[in-house]
Amino acid sequence: MLSRLTRPKAVAVCAVPVVALLATAVFAPLPFSVAQPGLTANVLGENKGVPVITISGAPVRDTSGQLRMTTIEATGPDANVSLGDVLGGWFATDRAVMPRDSVYPSGNSVEEIERHNADEMKKSQDTATEAALSYLHEKDDVKVTLKLADVGGPSAGLLFSLGIVDKLDGDGSGGDLTGGRNIAGTGTIDADGKVGAVGGVSLKTQAARRDGATVFLVPKAECSEAKAELPEGLRLIPVTSLAGAVDALVALDAGKGGVPGC
């Protein structure tokens with residue numbers, strides 16, 4: 001059939017399905033999420049009028065400075081992400097394109113995902129408490145309650161643990177663990193105090209600097225990602241454990257060296 005058409009007509013006929021395919025590719029939903037810097041919260045203070053950390057059964061210190069946990073904000077699990085969204089996020093420094101399954105559990109409903117994230121946060125809080133009290137050799141009668149609204153997942157574990165340590169023991173010599181600084185960070189934590197990687201670090205550093213942080217605690221395995229889009233004025237400190245993070249902050253305040261860097 002095409003052999004009987006003039007060249008322009010043949011090209012036009014062939015172009016129709018190509019244009020249709022391109023239009024489908026541009027507007028069809030893709031299995032990605034587009035993320036951007038999210039909220040940060042000072043775990044030493046209040047969130048929505050409620051203390052993030054409440055401790056009973058032991059003397060609690062008044063603290064200065066801030067320990068800010070950081071988040072990313074991603075398109076919802078039921079959002080339609082198009083090729084245009086992906087391309088736009090790919091070339092933007094304040095956004096990142098991530099496989100949907102790396103942000104949300106695969107195959108679950110929105111309600112199930114929200115419950116999963118809430119469960120992960122609760123487990124993270126329990127583990128962070130266990131790690132901090134173990135590090136301080138505190139007794140079982142010390143009770144810690146952690147509350148942080150509208151945040152899910154396990155990535156605030158390190159900052160929760162540091163907040164508990166600061167409120168109970170500070171730097172171990174009567175001073176604040178923060179040294180009065182605005183310190184941010186991210187990282188999961190297990191009961192033994194080991195810090196784990198989390199993802200989205202380059203976006204979290206931007207959120208931290210936006211909210212006034214000058215120091216960022218990053219899981220050591222994610223140093224390269226953190227350095228890729230590092231905001232000016234933000235110092236990276238790699239950590240692998242709760243004890244190492246405490247030591248690094250004490251060394252930072254002392255100003256005598258010994259602070260690791262990426």
Side-chain angles (χ1 to χ4, degrees), residues 37-47 50-55 58-71 124-125 128-129 131-136 138 142 144-148 151 155-189 193 195 198 201 204-220 223 226 230-262:
L39 65 82
T40 73
N42 176 23
V43 301
L44 296 175
E46 295 184 346
N47 177 248
V50 178
V52 177
I53 301 174
T54 303
I55 301 174
V60 177
R61 304 175 60 257
D62 291 328
T63 60
S64 67
Q66 300 179 30
L67 285 170
R68 288 195 165 271
M69 56 77 63
T70 55
T71 68
S124 173
Q125 292 172 339
T129 299
L133 296 182
S134 176
Y135 170 79
L136 294 172
E138 285 287 353
V142 176
V144 179
T145 301
L146 301 173
K147 291 186 178 181
L148 190 58
V151 177
S155 66
L158 171 62
L159 272 294
F160 282 141
S161 289
L162 288 171
I164 296 168
V165 170
D166 200 16
K167 282 183 171 291
L168 288 173
D169 194 52
D171 63 1
S173 301
D176 292 307
L177 190 57
T178 63
R181 295 176 175 83
N182 184 339
I183 293 171
T186 191
T188 63
I189 200 162
V195 175
V198 292
V201 169
K204 292 179 179 180
T205 57
Q206 294 181 53
R209 190 70 186 108
R210 178 199 67 205
D211 292 350
T214 57
V215 176
F216 192 90
L217 302 173
V218 59
K220 187 175 181 179
C223 265
L230 185 64
E232 184 176 352
L234 190 65
R235 178 177 182 173
L236 294 176
I237 297 181
V239 294
T240 58
S241 68
L242 174 59
V246 172
D247 290 345
L249 292 179
V250 171
L252 179 67
D253 192 38
K256 297 179 181 180
V259 182
C262 285

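Excluded from the calculations below are hydrogen atoms, water molecules and symmetry mates; all remaining heavy atoms, backbone and side chain alike, are included.
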From CA spacing to verdict: side chain to side chain contact (heavy atoms under 4.5 Å, CB included), Ile53, Leu146: CA-CA 5 Å; Ile53 301 174; Leu146 301 173; 3.4 Å; yes
Looking only at heavy atoms, which two atoms of [X] and [Y] are closest? And how far apart?
X      : Y      : result
Ile55  : Val142 : CG2-CG1, 3.9 Å
Ala226 : Leu236 : CB-CD1, 3.8 Å
Val246 : Val165 : CG2-CG1, 4.3 Å
Val198 : Thr186 : CG2-OG1, 3.4 Å
Ala41  : Leu148 : CB-CD1, 3.8 Å
Asn42  : Gly65  : ND2-O, 4.2 Å

Are [X] and [Y] packed together at the side-chain level, in the sense that at least one heavy-atom pair is separated by less than 4.5 angstrom?
X      : Y      : answer
Leu252 : Arg235 : yes
Leu230 : Phe216 : no
Lys220 : Pro260 : no
Leu162 : Leu217 : yes
Ser155 : Thr71  : no
Lys204 : Val218 : no
Asp211 : Gln66  : no

Atom pair [atom1] ([X]) and [atom2] ([Y]), whose distance is rounded to the nearest 0.5 Å:
X      : Y      : atom1 : atom2 : answer
Ile164 : Thr54  : CD1   : OG1   : 10.5 Å
Ser161 : Ile189 : OG    : CD1   : 3.5 Å
Ile183 : Leu249 : CD1   : CG    : 4.5 Å
Lys167 : Leu67  : NZ    : CG    : 10.0 Å
Ser64  : Asn182 : OG    : CG    : 11.5 Å
Asp62  : Leu44  : CG    : CG    : 11.5 Å

Donor-acceptor contact below 3.5 Å, side chain Arg61 vs main chain Gly175: yes
Step-by-step side chain to side chain contact (heavy atoms under 4.5 Å, CB included) determination, Val52 to Met69: CA-CA 11 Å; Val52 177; Met69 56 77 63; over 6 Å; no
Side-chain H-bond candidate by donor/acceptor type, Asp166 with Thr63, under 3.5 Å: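 No, because no side-chain N or O of Asp166 sits under 3.5 Å from a partner of the opposite role on Thr63.
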Candidate pair Thr40 and Arg210, rule side chain to side chain contact (heavy atoms under 4.5 Å, CB included), full reasoning: CA-CA 9 Å; Thr40 73; Arg210 178 199 67 205; 4.2 Å; yes
Residues Val215, Thr178; criterion side chain to side chain contact (heavy atoms under 4.5 Å, CB included); working and verdict: CA-CA 10 Å; Val215 176; Thr178 63; over 6 Å; no
